[in-house]
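Worksheet for the structure shown next.
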Amino acid sequence: MQRLRPLSILEQALENHYAELSEPSVKWPLVPLKMALAVAGVNKGEEDRAVAIAINALKTLSGTEREAVLAEYEVPAVVALNLEADLPWPEPMPLVDHLPASEVDLEAYRAWALERVNAITAKARAPLLTDIPGQEMLYLRKAEEAKRFVGLTEVPTDLKAAGFKFLADEVGVSAATAEDLAALWLEMDDQWSDLAAAMERPRLTAAAAIRGAEAAPEIAAALEAFEDGISGDQA
């Protein structure tokens, strides 16, 4: 196939993955699938090719998996509107070598991958956090207050005057007593700490690998390893 222009680094990584497949109709991993969607959304010179790859890659997923991708990721309209189209797989390109540095948008791909790592982390944390500015600081203050409260030998009659203003304001709303509310906050804090600790090392490891990568396949591998690890932990 004749190239109409140099391939971007993202297209390069996608085409390499596509060319290496012995059978393209097997289930596509998430990272190359997202590459296909991204290329379909921005590709101009070879749009039909990119759209066909993206549509067919989505069809390798189960119906439930496909619906999840459509709900979570930005899918180009031309892909979403043509999912039922019977498009043939394009002829794979020969494996492409890395382009000269002046023609490679490696930094844009690196930035996208780092954003993706953070987005995955945020999504995993989301069930334990209310997405309101300043809410994480409030959780910390509540946990600190609960720890001080459970260390008391006697429950004060005036919680607010004793320095437990958050407990005072929430008793009767989230729990009937200050003791129950403090226990609830500490349980939530333990859950949050366990999740944060479990994710922080993989997140930092992936980010370091992506920042230090010298080529697109290294970035893709680091991102896929991170996503596979997080999916395995949550299974």
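Values below: every heavy atom of this structure, side chains too, minus hydrogens, waters and symmetry copies.
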Roughly how far apart are Ile120 CD1 and Glu72 CD, rounded to 0.5 Å? 8.0 Å
According to ring pair (Phe, Tyr, Trp, His ring centres under 6.0 Å), who are the partners of Phe166, at least two apart in sequence or on a separate chain? none
Leu140 vs Glu144, side-chain contact (heavy atoms from CB on, under 4.5 Å): CA-CA, chis, key distance, verdict: CA-CA 6 Å; Leu140 292 174; Glu144 182 273 331; over 6 Å; no
Only distances under 3.5 Å count here; give the side-chain donor-acceptor pairs of residues 149-165 to other protein atoms, sequence neighbours excluded, each with its distance to 0.1 Å.
residue, atom, partner, partner atom, Å
Asp158, OD1, Lys160, N, 3.3
Asp158, OD1, Ala161, N, 3.1
Lys160, NZ, Asp169, OD1, 2.9

Pairs flagged by ring-ring contact (aromatic ring centres under 6.0 Å, His included) wherever residues 170-225 is involved - sequence neighbours left out: none
Distance-only check: which donor-acceptor pairs under 3.5 Å involve side-chain atoms of residues 197-214, not counting sequence neighbours?
residue, atom, partner, partner atom, Å
Glu200, OE1, Arg203, NE, 3.1
Glu200, OE2, Arg203, NH2, 2.8
Thr205, OG1, Arg201, O, 2.8

Do Pro90 and Ile53 make a side-chain contact, defined as non-hydrogen atoms from C-beta onward lying under 4.5 Å apart? yes
Any donor-acceptor pair under 3.5 Å from Tyr73 side chain to Leu37 backbone: no
How far does CG of Asp190 sit from CG of Leu195, to the nearest 0.5 angstrom? 12.5 Å
Grab the two heavy atoms, one from Leu14 and one from Pro32, that are nearest each other, plus how far apart they are. CD1-O, 3.9 Å
Within-4.5 Å side-chain heavy-atom neighbours: Val78 and Pro76: yes
Can you name the closest pair of heavy atoms from Val75 and Ala80 and give their distance? CG1-N, 4.0 Å
If you count the non-hydrogen atoms of other residues, nucleotides and ligands that lie under 6.0 Å from CZ in Arg141, is the total more than 12? no
To the nearest 0.5 Å, what is the distance between CG on Asp189 and CG on Asp194? 9.5 Å
With a 3.5 Å cut-off and sequence neighbours excluded, list the donor-acceptor pairs that the side chains of residues 54-62 form with protein atoms.
residue, atom, partner, partner atom, Å
Asn56, ND2, Ala52, O, 2.9
Asn56, ND2, Leu87, O, 3.1
Lys59, NZ, Leu83, O, 3.3
Lys59, NZ, Ala85, O, 2.4
Thr60, OG1, Trp28, N, 3.1
Thr60, OG1, Ala57, O, 2.6
Ser62, OG, Glu65, N, 3.2
Ser62, OG, Glu65, OE1, 3.2

Testing the basics here: between Leu186 and Ala143, what is the closest heavy-atom pair and its distance to 0.1 Å? CD2-O, 4.0 Å
What residues, two or more places apart in sequence or in another chain, satisfy side-chain contact (heavy atoms from CB on, under 4.5 Å) together with Thr177? Glu179, Asp180
